Amino acid sequence: IRRLSKNQRSRLSCRKRVDLSKKISRRLANWIFFSQANRIASFSSIGDEVDTSEVITYILGSGRELLLPKVISQSRILLFFKVNDLITDTKIGFRGILEPDPEKCEQVSLIDADMVLVPGLAFSLSGDRLGYGGGYYDATLRLKSNRAKSVGLSFQSLVYEKIPVSRSDEKLDAVVTECAIFERH
């Protein structure tokens, strides 16, 4: 499924990926749980992932708090920082990912987040997530509060009935695609 999903995602044209990402962003922005969230942890998309630039711009423009992760590769964890301005508060970091600059941003505990947006290669209808194999987000999601929603952003074509998971994989509360929001009950 990992290889199939990578291939499917890479076959999307840049224009199609941008169009679908905008639809995903609008669907997320109109979701009641998103509208109630004040402190939102997002990810900075890279490559052919769902483009999070519109979501990030919306969060910052609506006066909410944006938290972005900084990868600490040697300990395989993500630290989150409050970002006020995407241009002045960030720099290119681990594997070319746009990360907060710790010298300009305040570190924030993920326990204070109301929502955590999560990348992935594939998702299931029941909230399972197939990541990139590093375990960063599985470890990170264990640090959020129970009240915070964990939400995968995905293209509909990468959501399956079931995907293989292990005990260490954290389930998500919802997956948002261009077509629907799949909530775990």
Side-chain angles (χ1 to χ4, degrees), residues 1-37 39-69 71 78 83 85-87 89-100 113-134 136-137 141 149-163 171-184:
I1 288 183
R2 190 175 261 126
R3 188 174 57 245
L4 172 70
S5 297
K6 277 184 182 178
N7 288 338
Q8 266 189 293
R9 203 168 72 179
S10 69
R11 284 195 307 257
L12 288 173
S13 70
C14 183
R15 183 179 206 160
K16 182 73 170 172
R17 189 170 44 256
V18 168
D19 179 52
L20 294 176
S21 294
K22 285 182 179 185
K23 289 177 181 177
I24 292 165
S25 297
R26 283 192 290 270
R27 185 170 302 282
L28 177 67
N30 290 320
W31 189 33
I32 185 77
F33 293 111
F34 184 80
S35 65
Q36 295 171 346
R39 185 174 269 181
I40 302 166
S42 183
F43 61 96
S44 295
S45 54
I46 58 168
D48 53 11
E49 291 179 331
V50 170
D51 183 354
T52 56
S53 59
E54 192 169 302
V55 170
I56 287 171
T57 300
Y58 181 78
I59 293 167
L60 289 171
S62 65
R64 301 180 215 195
E65 289 185 26
L66 170 67
L67 309 180
L68 287 179
V71 176
L78 301 174
V83 172
D85 184 296
L86 206 55
I87 295 169
D89 291 351
T90 59
K91 60 184 183 179
I92 301 299
F94 181 75
R95 293 190 179 164
I97 299 170
L98 189 66
E99 294 184 337
D114 300 313
M115 181 171 283
V116 182
L117 303 179
V118 182
L121 277 172
F123 299 87
S124 76
L125 296 172
S126 61
D128 294 312
R129 173 185 164 272
L130 186 62
Y132 301 101
Y136 290 92
Y137 271 93
L141 290 173
K149 293 273 188 196
S150 56
V151 181
L153 301 182
S154 178
F155 303 114
Q156 182 71 37
S157 61
L158 303 177
V159 177
Y160 302 90
E161 184 75 33
K162 288 184 177 182
I163 58 174
K171 271 196 176 289
L172 302 177
D173 296 304
V175 177
V176 178
T177 74
E178 70 274 13
C179 299
I181 297 175
F182 302 99
E183 293 183 66
R184 182 170 60 99

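Predicted model only: the values in this text are computed from it and were never measured.
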#### Entry: Contacts of R2 that satisfy salt bridge (Lys or Arg N to Asp or Glu O under 4.0 Å) - sequence neighbours left out
none
#### Entry: Partner residues of R184 under the side chain to side chain donor-acceptor pair (under 3.5 Å) criterion, sequence neighbours left out
D173
### Task
Walk me through it: do V176 and L117 pass the test side chain to side chain contact (heavy atoms under 4.5 Å, CB included)?
CA-CA 10 Å; V176 178; L117 303 179; over 6 Å; no
## Note on the structure
Sorted by chain and residue number, the ring-ring contact (aromatic ring centres under 6.0 Å, His included) partners of F33 (sequence neighbours excluded) come out as W31
### Task
Give every residue pair that meets the side-chain hydrogen bond (donor to acceptor under 3.5 Å, both in side chains) criterion with at least one member in residues 59-68, sequence neighbours excluded.
R39-E65, S62-R64
### Task
Determine which pairs satisfy salt bridge (charged side-chain N to carboxylate O under 4.0 Å, His left out) with at least one residue from residues 40-54, sequence neighbours left out, and list them in order.
R9-D48
### Under 3.5 Å: donor-acceptor pair, side chain of S44, backbone of I97
no
### Query
Excluding sequence neighbours, so at least two apart, what forms side-chain contact (heavy atoms from CB on, under 4.5 Å) with P69?
L78, F80, Y137
### Message
Could you work out, with side-chain contact (heavy atoms from CB on, under 4.5 Å) as the rule, every residue matching N30, not counting sequence neighbours?
### Response
none
#### Entry: Flag side-chain contact, heavy atom, 4.5 Å: L66 against Y58
no
### Task
Using the test side chain to side chain donor-acceptor pair (under 3.5 Å), find all partners of D19 that sit at least two apart in sequence or belong to another chain.
none
### T52 side chain vs V55 backbone, donor-acceptor pair below 3.5 Å
no
### Task
Before giving the answer on side chain to side chain contact (heavy atoms under 4.5 Å, CB included), spell out for I181 and V151 the whole-Å C-alpha distance, their side-chain angles and the decisive distance to 0.1 Å.
CA-CA 10 Å; I181 297 175; V151 181; over 6 Å; no
### Sequence-distant partners of S126, side-chain contact (heavy atoms from CB on, under 4.5 Å), two or more places apart
S124, D128, K171
### Task
Can you sort out the partners of D114 under salt bridge (Lys or Arg N to Asp or Glu O under 4.0 Å), two or more places apart, ordered by chain and number?
R147
### Task
Kindly compute the distance separating NZ (K149) from CD (Q36), expressed to the nearest 0.5 Å.
9.5 Å
### Message
So, using side-chain contact (heavy atoms from CB on, under 4.5 Å) as the criterion, who are the partners of I87 when residues are at least two apart?
### Response
D85
### Query
When rounded to the nearest 0.5 angstrom, what distance separates CD1 in I59 from CE in M115?
9.0 Å
### Task
Verify side chain to side chain contact (heavy atoms under 4.5 Å, CB included) between L98 and I92, making sure each step is shown before the conclusion.
CA-CA 5 Å; L98 189 66; I92 301 299; 4.0 Å; yes
Donor-acceptor list for residues 153-163 side chains, cut-off 3.5 Å, not counting sequence neighbours:
unit_1 : atom_1 : unit_2 : atom_2 : d
Q156   : OE1    : T177   : OG1    : 2.6
Y160   : OH     : S5     : OG     : 3.0
Y160   : OH     : Q8     : OE1    : 3.2

#### Entry: Shortest non-hydrogen contact from I56 toward S42
CG1-OG, 3.9 Å
#### Entry: Residue pair E178 / L20: nearest heavy atoms and the distance that separates them
CG-CD2, 3.7 Å
